[in-house]
Visitor: 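Encoded as structure tokens, here's the structure I'll be asking about.
Heavy-atom basis, side chains included; hydrogens, waters and symmetry copies ignored.
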Amino acid sequence: MTTPKMNIQSTHQNSSAPQQAPVTELTEPECWELAEKTSFARLGTVDNGEVFITPLNIVTSEGKIFFRTAHGSKLTNLILNEKVTIEFDKAEGGSAYSVNIFGTARLLTDSSELERAAQLPLTPWIRTEKIEFVEITPSAMTGRRFILG
């Protein structure tokens, strides 16, 4: 008994372009470039061993991240534990990315720093009084880009 020969045709076209990996790590400059284009992110803080994620508007300036806040649990958490994470991501078309920036948060209190921060294009989404400015100094960044599908 003989086995019939099967004629298998490739449905893949031979292309000289290399295939892109489904997940690639971003460099710190790539992460920062994406941060500079981002206005919405999530803030990760810790309170009594629990992690809290808070959405916020951000702006970058001179290698730092700034946001405004009101008095409340977010500000209290930052004062009690200055170590934070900023996370932002985006999915569009056939690709996505996710970036985490780790750093130290500091409530601005110096009048010259407050004046400078007040000039930044940082507007809350809702009309609530957010008079406090917080500055985050990054210490490390990590990010990934994904090819979807």
Side-chain angles (χ1 to χ4, degrees), residues 10-149:
S10 174
T11 57
H12 301 285
Q13 295 182 7
N14 291 335
S15 172
S16 60
Q19 281 196 338
Q20 197 171 11
V23 179
T24 55
E25 286 196 37
L26 299 172
T27 65
E28 283 196 13
E30 289 171 322
C31 290
W32 190 252
E33 183 181 334
L34 292 169
E36 289 175 329
K37 297 175 184 176
T38 298
S39 61
F40 177 77
R42 291 162 210 79
L43 174 71
T45 59
V46 176
D47 180 23
N48 285 335
E50 298 292 329
V51 177
F52 287 87
I53 305 296
T54 309
L56 46 83
N57 295 332
I58 65 167
V59 68
T60 59
S61 179
E62 299 176 10
K64 297 186 180 191
I65 298 168
F66 296 87
F67 67 92
R68 294 172 72 168
T69 190
H71 290 275
S73 59
K74 180 182 358 175
L75 185 58
T76 301
N77 287 347
L78 294 173
I79 292 170
L80 294 174
N81 186 352
E82 63 187 12
K83 296 296 183 187
V84 298
T85 300
I86 295 286
E87 190 279 336
F88 56 92
D89 50 46
K90 185 174 186 178
E92 187 172 61
S95 67
Y97 63 81
S98 177
V99 174
N100 282 287
I101 299 177
F102 307 94
T104 304
R106 180 174 71 91
L107 177 65
L108 299 181
T109 57
D110 179 76
S111 61
S112 64
E113 290 178 321
L114 289 168
E115 190 175 305
R116 190 181 82 239
Q119 301 303 313
L120 296 172
L122 194 54
T123 307
W125 279 4
I126 56 176
R127 295 185 185 267
T128 57
E129 190 172 22
K130 296 188 179 196
I131 60 172
E132 305 295 346
F133 286 91
V134 177
E135 171 191 270
I136 298 174
T137 302
S139 57
M141 304 179 194
T142 153
R144 288 179 174 61
R145 186 174 307 279
F146 308 97
I147 303 299
L148 304 176

Visitor: Side-chain contact test, heavy atoms from C-beta onward, threshold under 4.5 Å: evaluate it for Phe133 versus Leu114 and give yes or no.
Guide: yes
Visitor: Within the structure provided, determine whether Val46 and Asn77 are in side-chain contact (heavy-atom separation under 4.5 Å).
Guide: no
Visitor: Does Arg68 use its side chain to pair, donor to acceptor, with the backbone of Lys130 at less than 3.5 Å?
Guide: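 Side chain of Arg68 to backbone of Lys130: a pair is present.
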Visitor: Could you give me the CA-CA distance, side-chain angles and deciding distance for Leu43 and Phe52, then say whether side-chain contact (heavy atoms from CB on, under 4.5 Å) is met?
Guide: CA-CA 8 Å; Leu43 174 71; Phe52 287 87; over 6 Å; no
Visitor: Evaluate the side-chain proximity of Ile86 to Arg42: yes if any heavy-atom separation is below 4.5 Å, no if none is.
Guide: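 With C-beta onward as the side chain, the pair stays apart.
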Visitor: Do the charged groups of Arg106 and Glu113 touch, with an N to O distance under 4.0 Å?
Guide: yes
Visitor: List the steps and the verdict of side-chain contact (heavy atoms from CB on, under 4.5 Å) for Leu34 and Tyr97.
Guide: CA-CA 9 Å; Leu34 292 169; Tyr97 63 81; 3.7 Å; yes
Visitor: Quick one: pull up CZ in Phe146 and OG in Ser95 and give me the separation to the nearest 0.5 Å.
Guide: 10.5 Å
Visitor: Just wondering, more than 12 heavy atoms not from Asp110 lying within 6.0 Å of its CG?
Guide: yes
Visitor: Could you note down all residue pairs passing salt bridge (charged side-chain N to carboxylate O under 4.0 Å, His left out) where residues 29-39 supplies at least one of them, sequence neighbours left out?
Guide: Glu33-Lys37
Visitor: For Trp32 and Ile101: C-alpha separation, side-chain torsions, deciding distance, then whether side-chain contact (heavy atoms from CB on, under 4.5 Å) applies.
Guide: CA-CA 9 Å; Trp32 190 252; Ile101 299 177; 4.2 Å; yes
Visitor: Would you check if Asp47 and Thr45 make a side-chain contact, meaning some heavy-atom pair closer than 4.5 Å?
Guide: no
Visitor: Look up atom OG1 in Thr104 and atom CD in Glu135, then write down how far apart they are to the nearest 0.5 Å.
Guide: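 Those atoms lie 10.0 Å apart.
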Visitor: Between Val84 and Ala105, what is the shortest heavy-atom contact and its length?
Guide: CG1-CB, 4.0 Å
Visitor: What's the spacing between Ser139 OG and Lys83 NZ if we round to 0.5 Å?
Guide: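 Between Ser139 OG and Lys83 NZ, I get 5.5 Å after rounding to 0.5 Å.
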Visitor: Check the pair Leu56 / Ile58 against side-chain contact (heavy atoms from CB on, under 4.5 Å), numbers first and verdict last.
Guide: CA-CA 6 Å; Leu56 46 83; Ile58 65 167; 3.0 Å; yes
Visitor: Can you tell me how far apart CD1 (Ile136) and CD (Glu82) are? Round to the nearest 0.5 Å.
Guide: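 Interatomic distance, Ile136 CD1 to Glu82 CD, rounded to 0.5 Å: 11.5 Å.
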Visitor: Considering the options Leu80, Leu78, Ile79, which one meets the side chain to side chain contact (heavy atoms under 4.5 Å, CB included) requirement together with Thr76?
Guide: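 Among the candidates, only Leu80 passes.
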Visitor: Do Glu62 and Lys64 have side chains that get closer than 4.5 Å, going by heavy atoms?
Guide: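 The answer is no, as the side chains (C-beta and beyond) never meet within the 4.5 Å cut-off.
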Visitor: Give me the atom names and distance for the closest heavy-atom approach of Cys31 to Met141.
Guide: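 Closest approach of Cys31 to Met141: CB-SD, 3.9 Å.
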Visitor: Does the side chain of Phe66 reach to within under 4.5 Å of the side chain of Arg116, using non-hydrogen atoms?
Guide: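 With C-beta onward as the side chain, the pair touches.
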